[in-house]
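What follows is a set of notes on a single structure, which appears directly below.
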Amino acid sequence: MKTPIRKRRGPKPKPANDNSNLRDRLLAARIGFFEALIGALGWGAGMALSAQAYLWLASGAVTSHYWSVTAMFFAGAALAWPPSLAAHRFLAYGRRRQASFAAAFLCLTIFSIAITAVLFAIVYRNFYAQWHGDPFTKLWLVQLVFTSASALYQFAVVGLRMYLPVGVALLFAAAFLLSRPAACKNR
């Protein structure tokens, strides 16, 4: 017994080389200047507040680097906001609210930690540069690599704690606000 071949119902499948979705995602990932500026100031202030709260809870803010640590966390988060917002919009384009929340949470976390860690590594490297060899020699390159690696390790051990407990709450709030349908109007 032969059964007839059923015709496919629904939209026609797209060819494998169709990049219209990529083009749409890239257009959706664009952010405006004021949106980036206001978000960067807010996110930077939130992460600076998180660092201050940790310093107060852990040691009563008895440290000589209180304001420099606060400034570093502010700068790291402020610099992380625009690329994390663009990456969130790119990843969450056309997705449901849950996926948009997860993308916002992931992008804000990764970019904030990575950029703040790089800023810490630059400051750390500049401090130890006075004892390093002549620039652009083999010894200098080895010292640069190992000093930067130890700075990133030290940030992972000591610096990540400064995002707790306030930073995580602000991260959830920011991801929730970014995943709202009104915040995603250009999708």
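Side-chain atoms are counted along with the backbone in the values below, which use heavy atoms only and exclude waters and symmetry mates. Since this is a predicted model, take the numbers as computed values, not measurements.
Of all heavy-atom pairs spanning A48 and F74, the tightest one is CB-CB, 3.9 Å. For the residue pair P83 and A80, the shortest heavy atom distance occurs at CD-O, 3.4 Å. Nearest heavy-atom pair across A103 and L91 is CB-CB, 4.1 Å. Residues W81 and L178 approach most closely at CH2-CD1, 4.0 Å, considering heavy atoms.
Here the straight-line distance linking atom CZ of R161 with atom CZ of F155 works out to 12.0 Å at 0.5 Å rounding. Remark: M47 CE to Q52 CD distance equals 12.5 Å, nearest 0.5 Å. Taken from CZ in R180 to CZ in R97, the straight-line distance is 8.0 Å, to the nearest 0.5 Å. Note that CZ of F127 and OH of Y124 are 9.0 Å apart. Values are rounded to the nearest 0.5 Å. One finds the CZ atom of F90 at 10.5 Å from the CG atom of D24 (value rounded to the nearest 0.5 Å). To the nearest 0.5 Å, the span separating CG on L164 from OG on S50 amounts to 7.0 Å.
Following chains of ILVMFWY side-chain contacts shorter than 4.5 Å, one can reach M72 starting from L160, so the two form part of one hydrophobic cluster. In the hydrophobic cluster analysis, where Ile, Leu, Val, Met, Phe, Trp and Tyr join through side-chain heavy atoms closer than 4.5 angstrom, L141 is grouped apart from F146.
Between the side chain of S148 and the main chain of V145, no donor-acceptor pair closer than 3.5 Å is present. Between the side chain of R125 and the backbone N or O of T147 there is no donor-acceptor pair closer than 3.5 Å.
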Listed pairs under 3.5 Å, donor-acceptor, residues 165-176 side chains, sequence neighbours left out:
none

For residues 107-123, run the donor-acceptor check on the side chains, cut-off 3.5 Å, and write out each pair with its distance to 0.1 Å, sequence neighbours left out.
from, atom 1, to, atom 2, distance (Å)
T109, OG1, F105, O, 2.7
S112, OG, W43, NE1, 2.8
S112, OG, L108, O, 2.7
T116, OG1, S112, O, 2.7
T116, OG1, Y163, OH, 3.2

Return a table of donor-acceptor pairs under 3.5 angstrom between the side chains of residues 57-67 and protein atoms on other chains or two or more places apart.
from, atom 1, to, atom 2, distance (Å)
S59, OG, L55, O, 3.2
T63, OG1, H65, N, 3.3
Y66, OH, W56, NE1, 2.9

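Relative to the six-membered ring of Y93, R25 misses at least one condition, a distance below 6.0 Å or an angle of at most 45° to the axis.
In this structure, a donor-acceptor pair under 3.5 Å is present between the side chains of S100 and H88.
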